[in-house]
Every structure is written in C-alpha cells, then in structure tokens.
Amino acid sequence: MSRVYAVASAKGGVGKTTTTANLGTVLSMAGHDVVVVDGDLGMPNLAGALGVAPDGETLHDVLTGETTVESATYDGPSGLSVLPGSTALEAFASANAKELHPVIETLKETHDIVLVDTGAGLSDDTFVPLKLADEVLLVSTTEREALGDTEKTRQLGERIGADVVGVVLTRVNQSNPNADEVASLLDAGVIAVVPEDAAIREALSTQTPVVARSPESIAAAGYRALAEALTGEP
Ligand code: ADP
Ligand code: MG
C-alpha cells in the first residue's frame, strides 16, 4: 500500500521544500521507493534542492496533458524519483492543479511513498494536495506569524477531511520553541524538530539535501527522526 503525504503550510519560507527534499532522501536511503512531486506550481524549486535540472518535460506538461508522468520523472539522489515543475511563467498560467489527481494515482502504482511539496497560501495548488493526500504533514517555524498561518492550513485540512499527522518545527534554536506558545497557536502535535543549522544553507548552495551532504549535522538528525516517526522504523 502506498502512502501520499502533502507537505504544507500557508506560510512561505518555513522549510516545506527543504523538508520534502530531505525526508524524501532519507526514506529513499532507507530502502523505500519514494517519489517527490513539486506541487508548488507557481514557484517550483524542489528540483533545485535535489540537484535535479529538468532538461525536458515537467509536471506542468503532465498537467496540460502534453506528456506522461513517466517522461517528466527524473532520478534524484539516493534512488529518489523527482517530478519537478517548470519555472516558466507561461507554464504556471496553463497548468490546472486539479489535474494532479490522476498524476498522483499513477505515481502510487510504482512507488511506496509519494511526497507532495506545496506552495504558500491557500489556493488550488495547496488545496488539491491536501484533498488527495492520505496524510498532511504541516511544517512551521516557531514564529507566531508562521504558526498562525500553519494553523489556517490545518483548519482547511480539517474542513476537507484531511488527516493531519502533525507538525515539523523547523529552524528551531535554543531560545525556542516555547512549547506552550506552539500549542496555543497551532492545534497539531509536534512530530519532529529540525534545528536552525547552517549546514542546510551550505547543502542548498551545492544543490544537495543536507541528509546526504552532511549526515552528521543536527538538521540531518532532525530529518532522520522525522522519517522514523512517520514510518515507525528506526
Ligand atoms: P518553503 O518551501 O516553506 O518556502 P524552504 O524549504 O524553501 O521553505 O526554506 C526557506 C529557506 O529557509 C531556505 O533558504 C532554506 O535553506 C532555509 N532553511 C530551511 N530550514 C532550515 C534550517 N533548519 N536551518 C537553516 N535554514 C533553513
Ligand atoms: Mg517551497
């Protein structure tokens, strides 16, 4: 049985793409057959985080019916499969997020785990992944504003019957999180904590996920703990 996770938060810059890339890589390293999908149709940057440079078709071409899922899927690090988006403005204008449903169904036939990165906001390209996912993984920093926006995503998920698995707190440093404040602003259990770590920025500059480039870093340990919490496997 394959599982589909939407990685979501209405707030931009909180670590959704970093989380999708690193969680996908860890799960793939552990032997799962994983595909990551760039569901941020307006600002796709998942491929870059994984060192994948699509030289041909992308998810946007699949959504407009111009190509197949298979032709737009690329090999990423550690056996991970990547379905990237197009960075062209015209591609965004012509792609319809609702067409993601058959794409995800196709990917489920060939992969154990499908991770869908999503964009900020609450528009269709967030709504559709929340709707089609088996589980929603929220991502937030511990800033009040980010927690408030992430709570909105949780509420939207709840309203449409999505199963929220919990929140990954990212960019956490010693002075936070204040657990009480997190709990008062966001009604979701904390599933993993990823500390603020310069190794993430260094990894991104070389287009490699931190779990592969700096496996000894504290951020990589946070992402391994997240994978463990999700799969129940050490
Ligand atoms: P989103 O997809 O939610 O917009 P990103 O994953 O693109 O967010 O992350 C936004 C920025 O934060 C990126 O520059 C990324 O390198 C940085 N970042 C994410 N997580 C961490 C972390 N744990 N430590 C340091 N920087 C981080
Ligand atoms: Mg992103």
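Start at 1 with the first residue, then count along the sequence. We count ligands from 1, going down the list as the structure has it; atoms in each ligand are counted the same way.
Of the possible donor and acceptor atoms, none in the side chain of His60 sits under 3.5 Å from a partner among the backbone N and O of Ser94. Side-chain N or O atoms of Ser217 include one that pairs as donor or acceptor with a backbone N or O of Ala220 at under 3.5 Å. Although no hydrogens or angles enter the test, the distance criterion places a donor-acceptor pair under 3.5 Å between the side chain of Glu151 and the main chain of Asp187. With hydrogens and angles disregarded, no donor-acceptor distance shorter than 3.5 Å links the side chain of Asp197 to the backbone of Ile200. Judged purely by atom type and a 3.5 angstrom limit, His111 has no side-chain atom pairing as donor or acceptor with the backbone of Asp33. With hydrogens and angles disregarded, a donor-acceptor distance shorter than 3.5 Å links the side chain of Ser184 to the backbone of Glu181. The main-chain N or O of Thr206 is found under 3.5 Å from a side-chain atom of Thr208 such that the two form a donor-acceptor pair.
Checking only distances, Tyr223 never comes within under 3.5 Å of ligand 1, N or O to N or O. Residue Thr170 places no N or O, backbone or side chain, under 3.5 Å from any N or O of ligand 1. Checked against a 3.5 angstrom limit, the closest N/O atoms of Pro195 and ligand 1 fall inside it.
With respect to atom 7 (O) of ligand 1, the closest heavy atom belonging to the protein is Thr17 CB, 4.0 Å. Scanning the protein for heavy atoms near atom 12 (O) of ligand 1, the closest one is Arg171 NH1, 2.9 Å.
Salt-bridge annotation for Asp112 and Arg3: absent, with no side-chain N of the basic residue lying under 4.0 Å from a carboxylate O of the acidic one.
Residue-and-atom listing of protein N/O/S atoms under 2.8 Å from the Mg ion (ligand 2), sorted by chain and number: Thr17 OG1.
By the criterion of side-chain heavy atoms lying less than 4.5 angstrom apart, applied directly or through intervening Ile, Leu, Val, Met, Phe, Trp or Tyr residues, Val26 is not grouped with Leu204; the two fall into different hydrophobic clusters.
Residue Ala120 does not touch ligand 1, judged by heavy-atom distances below 4.0 Å. Residue-level proximity to ligand 1 for Leu204 is carried by the side chain, the only part with a heavy atom below 4.0 angstrom.
Interface of Val14 with ligand 1, defined as ligand atoms under 4.0 Å from a residue heavy atom, comprises 1 (P), 3 (O), 8 (O). Taking every heavy atom of Val194 and a limit of under 4.0 angstrom, the matching atoms of ligand 1 come to 23 (N). Taking a cut-off of under 4.0 Å to the non-hydrogen atoms of Gly15, the atoms of ligand 1 that pass are 1 (P), 3 (O), 5 (P), 6 (O), 8 (O), 9 (O).
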Distance-only donor-acceptor pairs under 3.5 Å for side chains of residues 221-234, two or more places apart:
residue	atom	partner	partner atom	Å
Tyr223	OH	Thr19	OG1	2.8
Arg224	NH1	Pro215	O	2.8
Arg224	NH2	Pro215	O	3.1
Thr231	OG1	Ala227	O	2.9
Thr231	OG1	Glu233	N	3.1
Glu233	OE1	His32	NE2	3.0

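Of the candidates Ile218, Asp197, Thr18, Thr18 brings a heavy atom nearest to atom 19 (C) of ligand 1. Distances from atom 22 (C) of ligand 1 to the heavy atoms of Val7, Thr141, Ile200 show the closest one on Ile200.
Within the 4.0 Å heavy-atom shell around ligand 1 one finds Gly13.
Of the candidates Ile191, Thr153, Val7, Thr153 is the only one forming a side-chain contact (heavy atoms from CB on, under 4.5 Å) with Leu138.
A side-chain donor from one of Ser9 and Thr150 sits under 3.5 Å from a side-chain acceptor of the other.
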